[in-house]
Student: 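Below is the structure I would like to discuss, written out as structure tokens.
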4 protein chains.
Amino acid sequence: MSRAQTARRKRANGVESWQRILDAAVEIAGERGYEGTSIAAVSAKCGLPASSIYWHFKNKDDLIAAVIERSFETWRAAVVLPGETAGTPLETPRALATNVAKSLVDAPDFLRLGLMLALERRPEEPRGRAVFLQVRDIVRDQVTETIRVLFPELDEDAVRILTSYAVAGIDGLFVQQEMTGEAVDLVTLFELHAQLVYEAAIRMATRSQV
Amino acid sequence: MSRAQTARRKRANGVESWQRILDAAVEIAGERGYEGTSIAAVSAKCGLPASSIYWHFKNKDDLIAAVIERSFETWRAAVVLPGETAGTPLETPRALATNVAKSLVDAPDFLRLGLMLALERRPEEPRGRAVFLQVRDIVRDQVTETIRVLFPELDEDAVRILTSYAVAGIDGLFVQQEMTGEAVDLVTLFELHAQLVYEAAIRMATRSQV
Amino acid sequence: MSRAQTARRKRANGVESWQRILDAAVEIAGERGYEGTSIAAVSAKCGLPASSIYWHFKNKDDLIAAVIERSFETWRAAVVLPGETAGTPLETPRALATNVAKSLVDAPDFLRLGLMLALERRPEEPRGRAVFLQVRDIVRDQVTETIRVLFPELDEDAVRILTSYAVAGIDGLFVQQEMTGEAVDLVTLFELHAQLVYEAAIRMATRSQV
Amino acid sequence: MSRAQTARRKRANGVESWQRILDAAVEIAGERGYEGTSIAAVSAKCGLPASSIYWHFKNKDDLIAAVIERSFETWRAAVVLPGETAGTPLETPRALATNVAKSLVDAPDFLRLGLMLALERRPEEPRGRAVFLQVRDIVRDQVTETIRVLFPELDEDAVRILTSYAVAGIDGLFVQQEMTGEAVDLVTLFELHAQLVYEAAIRMATRSQV
DNA sequence: TATGAATGAGACTTCATTCAT
DNA sequence: AATGAATGAAGTCTCATTCAT
């Protein structure tokens with residue numbers, strides 16, 4: 001162990017400040033959206049002066065984008081790691097649904113803030129919105145890939161429709177939970193969703209083979 | 001003392017002004033959300049000075065709430081009226097899905113602004129959020145009722161789950177459209193959604209009869 | 001009794017509205033001073049729209065001046081009427097002190113608002129301030145006259161000094177009561193004040209005779 | 001008056017700015033009271049933008065409270081320092097009266113603003129009012145102590161009455177000066193006041209010894 | 001690696017007042 | 001004898017951002 005690690009705290013520590021700022025920003029932005037997130041509020045919550053925030057981030061846009069990025073990583077870790085031990089392909093959709101549901105109950109900042117940004121339509125779109133949509137496309141591609149692997153006989157159109165429906169369901173169920181505050185049924189609903197998509201895929205595949 | 005008497009013909013017409021303010025506000029709030037909607041912007045768009053807006057609405061909260069209320073009425077008119085000529089009960093779900101899809105393409109302000117408000121979690125929740133959630137519950141109750149009528153053998157739990165899933169799907173599909181900007185598939189996806197919910201209901205009903 | 005008096009209320013009644021406005025204004029101005037008294041607040045308290053206030057009073061200045069005038073009349077009635085049955089000259093100062101003390105406990109709006117106005121030094125002085133100072137001079141003259149009658153041998157200078165001191169004491173004691181909120185000692189203190197002024201006058205008169 | 005010192009000073013100097021803001025605020029608030037003191041006016045007078053005022057003071061309330069605090073210190077210095085060379089106890093009351101009178105002629109902002117605040121009775125009392133009443137209690141305690149030392153045989157009740165009367169006289173005489181604008185007689189009146197209180201104390205002490 | 005101080009622009013809201021009805 | 005509606009000016013305060021240290 002290096003001695004620097006245990007040296008007196010409170011010393012200027014770039015990484016720690018960076019983390020503290022993001023921790024504060026993720027909380028506020030997750031509550032109030034882009035416009036509602038003021039540098040002053042972030043400063044008050046993290047204890048660092050506003051000018052220090054500007055030392056770490058070029059501007060507010062940059063900060064929000066970083067928030068999205070980091071909270072996406074957090075969420076991805078929560079949803080992917082437990083899934084890596086997933087079993088047979090047939091079980092995967094349901095197990096994945098459960099994982100996704102749980103991850104959204106635990107770390108909802110990513111999706112909440114992202115959706116808020118995505119729903120806005122301001123003249124110059126914030127970089128955070130672009131980052132979210134980009135990151136979202138990655139997830140979407142993974143869903144598409146999964147569907148392709150599970151149902152290779154589906155044509156492109158069907159895959160696209162199913163992907164859209166699958167992802168939209170996630171959003172919708174998440175939104176509902178955020179609105180009603182009940183986390184109770186979320187897992188049930190996600191599993192229902194997974195099952196319905198699965199069956200729809202089977203039927204589509206069958207039909208296209210005819 | 002002489003005063004500039006450029007008689008800007010400003011006939012006092014409360015109702016018309018009220019409408020003009022709301023027209024402007026609905027547009028801006030639908031694009032930028034609660035915080036992004038400044039009174040100055042509304043004033044600029046409707047042509048009335050900011051102080052006149054405060055004659056008609058107690059404050060910004062009040063204005064946004066009124067925006068939600070009125071845009072809900074607009075939306076409801078768009079989705080309900082064409083549905084009143086709906087045919088047999090069996091056809092209703094699909095026809096309704098088509099109607100809802102079309103209404104959301106045409107007049108999306110209500111749901112976009114509502115979802116933005118609903119996703120926020122600020123300490124002092126805006127009245128508009130409460131209005132949206134309230135109005136949303138009305139819609140939800142109608143969905144519940146429809147399901148009960150179509151599938152009387154379903155137990156309470158199943159009805160609740162199906163209602164949640166049906167409504168969540170609407171939100172999710174709408175959000176997706178807003179994000180990608182493609183209105184193309186929306187109707188298709190809504191019909192798929194209606195069909196899947198319908199089939200799920202049938203299966204649940206069958207199972208519960210056993 | 002005329003029948004008009006008992007006719008249906010709520011009819012437009014100039015005098016009654018005028019009273020209601022003043023009643024509201026006296027309360028607010030007594031609490032918040034000149035600048036703190038907004039027409040909107042008066043309107044809210046009296047139930048009449050702001051424009052109606054402007055029908056009865058030329059402007060805010062006019063309203064405040066009227067408030068001073070009316071509350072002075074109220075106060076004068078309270079302090080003078082009981083004094084008219086006052087007995088011998090020797091008793092008068094003490095009895096008057098008691099009367100004044102009581103009147104200031106009961107109807108303090110006049111003096112409180114007046115002092116607030118008088119202490120301010122704005123570029124263009126409100127008419128209310130002038131009215132107060134004017135009215136105050138009347139009271140002062142009465143004090144002067146009383147002293148002259150009681151102690152005819154005093155020279156002009158002594159009379160002026162005594163008058164100033166007597167009136168200043170009233171203000172000071174009133175201010176103290178307003179600040180501490182204790183009405184308990186007010187009468188005692190006023191009587192002490194009267195006595196001290198009386199004795200000072202006697203000594204001055206004696207000295208000037210030598 | 002001497003504000004245009006150096007053109008365009010950009011140097012960050014917190015203490016100096018703080019002083020400049022208070023200097024401007026004390027002048028305006030002393031003239032116009034709480035409501036009449038606008039941040040814009042203070043900004044114009046001190047040359048710093050309004051937003052800079054908010055860097056140094058949380059809000060207007062905070063600013064006014066600071067004004068009271070600082071102008072009290074100024075006043076206390078003016079009244080206490082010359083008094084430290086005061087001679088024998090017997091002379092003290094008269095000498096003190098002279099000092100107080102002079103200090104109120106020279107630096108009247110403290111008391112003028114304080115009295116304005118104290119006379120107001122708004123629902124949410126400004127912090128400045130509390131500060132003034134607090135500071136005033138300190139002065140009152142000193143008066144009480146002085147009386148106790150000079151007349152140890154007086155009972156508590158008599159001391160309280162005399163203190164109240166002594167302090168009230170100061171307020172009243174000050175108010176009178178502010179209203180009439182004549183500083184001429186102020187010293188004379190203060191000395192008369194001191195003498196009358198002194199004699200009243202002697203008589204009370206004598207009586208209580210009987 | 002920060003941060004105290006500053007700042008113009010703009011936020012929401014209230015102001016006193018007017019005017020057509 | 002009123003009043004609904006309107007309005008420019010001004011109110012307090014926060015905004016994102018900069019810059020010298």
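Nothing here was measured: the structure is a model prediction, and the numbers come from that model. In the text below, chain A, chain B and the rest are named by the order of the sequence lines, each starting its count at 1.
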Student: Between atom NZ in B/Lys60 and atom P in E/dT14, what is the gap in whole Å?
Tutor: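 Atom-to-atom, B/Lys60 to E/dT14, this comes out as 14 Å.
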
Student: Would you say E/dG4 has OP1 or OP2 under 4.0 Å from some side-chain N or O of D/His56?
Tutor: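 No, outside the criterion.
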
Student: Between E/dT13, F/dT3, F/dA16, which nucleotide gets closest to the side-chain atoms of C/Pro49?
Tutor: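 Shortest atom-to-atom distance from the side chain points to F/dT3.
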
Student: Can you tell whether the side chains of D/Asp23 and D/Arg70 come within less than 4.0 Å, N to carboxylate O?
Tutor: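 Looking at D/Arg70 together with D/Asp23, the answer is yes, because their closest N to O distance falls below 4.0 Å.
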
Student: How is B/Thr37 classified with respect to the nucleic acid when contacts are heavy atoms under 4.0 Å: base, sugar-phosphate, or nothing?
Tutor: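 Counting heavy atoms under 4.0 Å across all strands, the contact made by B/Thr37 is with sugar-phosphate only.
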
Student: Distance-only, no hydrogens or angles: does the B/Thr37 side chain make a donor-acceptor pair with backbone N or O of B/Gly33 under 3.5 Å?
Tutor: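 It does hold such a pair.
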
Student: Could you state the interatomic distance from CH2 (C/Trp18) to CG (C/Leu48), rounded to the nearest 0.5 Å?
Tutor: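 Interatomic distance, C/Trp18 CH2 to C/Leu48 CG, rounded to 0.5 Å: 14.0 Å.
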
Student: Which listed nucleotide (F/dA16, F/dT3, E/dA11) is nearest to the side chain of C/Ser52?
Tutor: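 Nearest to the side chain of C/Ser52 among the choices is F/dT3.
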
Student: Give a yes or no on whether a donor-acceptor pair under 3.5 Å exists between the nucleobase atoms of F/dG8, that is its base, and the side chain of B/Ser51.
Tutor: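 Yes.
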
Student: C/Ile64 and side chain to side chain contact (heavy atoms under 4.5 Å, CB included): which single residue from C/Phe132, C/Phe57, C/Tyr34 fits?
Tutor: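 Running side chain to side chain contact (heavy atoms under 4.5 Å, CB included) over C/Phe132, C/Phe57, C/Tyr34 with C/Ile64 returns exactly one hit, C/Tyr34.
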
Student: C/Ile53 has an atom CD1; how far is it from atom P of F/dT3, in whole Å?
Tutor: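 Taking atom P of F/dT3 as the reference, CD1 of C/Ile53 is at 10 Å.
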
Student: Looking across every strand, which nucleic acid part, if any, lies under 4.0 Å from B/Ser38 by heavy atom: base, sugar-phosphate, or nothing?
Tutor: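 Sugar-phosphate: the residue B/Ser38, judged by heavy atoms under 4.0 Å, touches backbone atoms but no base.
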
Student: On DNA chain E, check which nucleotide each of A/Ala50 and B/Glu35 is closest to and give me the residue with the more 5' one.
Tutor: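 With A/Ala50 and B/Glu35 compared, the 5'-side residue is A/Ala50.
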
Student: Does a distance-only test, which skips hydrogens and angles, find a donor-acceptor pair under 3.5 Å between the side chain of D/Trp55 and the base of E/dA6?
Tutor: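 Between E/dA6 and D/Trp55, which were checked side chain against base, a qualifying N/O pair under 3.5 Å is absent.
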
Student: Measure from CG on B/Asp61 to C1' on E/dA11 and round the result to the nearest Å.
Tutor: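 After rounding, the reported distance stands at 15 Å.
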
Student: Quickly work out the B/Tyr34 OH to E/dA11 P distance and round it to whole Å.
Tutor: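 Computing the B/Tyr34:OH to E/dA11:P distance gives 14 Å.
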
Student: Angle class for the B/Phe72/B/Phe110 ring planes (parallel below 30°, perpendicular above 60°, tilted otherwise)?
Tutor: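 Because their plane-to-plane angle lies in the 30° to 60° range, the rings of B/Phe72 and B/Phe110 count as tilted.
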
Student: Distance check needed: F/dC13 C1' versus D/Asp62 CG, whole Å only.
Tutor: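 D/Asp62 atom CG is separated from F/dC13 atom C1' by 13 Å.
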
Student: Counting side-chain heavy atoms from CB outward, which of E/dT13, E/dT17, F/dT12 is closest to C/Ile39?
Tutor: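 Ranking E/dT13, E/dT17, F/dT12 by closest atom to the C/Ile39 side chain puts E/dT17 first.
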
Student: Please step through side chain to side chain donor-acceptor pair (under 3.5 Å) for the pair C/Arg129 and C/Gln134, ending with a clear verdict.
Tutor: CA-CA 8 Å; C/Arg129 187 180 197 260; C/Gln134 205 174 310; over 6 Å; no

Student: Taking for each residue the nucleotide of DNA chain E bearing the nearest heavy atom, is the 5' side occupied by C/Tyr54 or by D/Leu48?
Tutor: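 Final value for this comparison: D/Leu48.
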
Student: What is the separation between atom CD1 on C/Ile28 and atom C1' on E/dC15, rounded to the nearest whole Å?
Tutor: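 Spelled out: CD1 on C/Ile28 to C1' on E/dC15 is 14 Å.
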
Student: Just how far is it from atom CG of B/Leu117 to atom CZ of B/Arg112, taken to the nearest 0.5 Å?
Tutor: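 One finds 12.5 Å between CG of B/Leu117 and CZ of B/Arg112.
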
Student: Evaluate the side-chain proximity of A/Arg32 to B/Pro123: yes if any heavy-atom separation is below 4.5 Å, no if none is.
Tutor: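 A side-chain contact under 4.5 Å exists here.
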
Student: Specify the separation, in whole Å, of atom CZ of B/Phe57 and atom P of F/dA6.
Tutor: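 After rounding, the reported distance stands at 11 Å.
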
Student: Given pairs defined as Watson-Crick or G-U wobble with both distances under 3.5 Å, what dot-bracket annotation applies to DNA chain F, with ( ) intrastrand, [ ] crossing, | other strand and . unpaired?
Tutor: .||||||||||||||||||||

Student: Within this structure, what is the CG-to-P distance between B/Asn59 and E/dT13, rounded to whole angstrom?
Tutor: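 Atom-to-atom, B/Asn59 to E/dT13, this comes out as 5 Å.
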
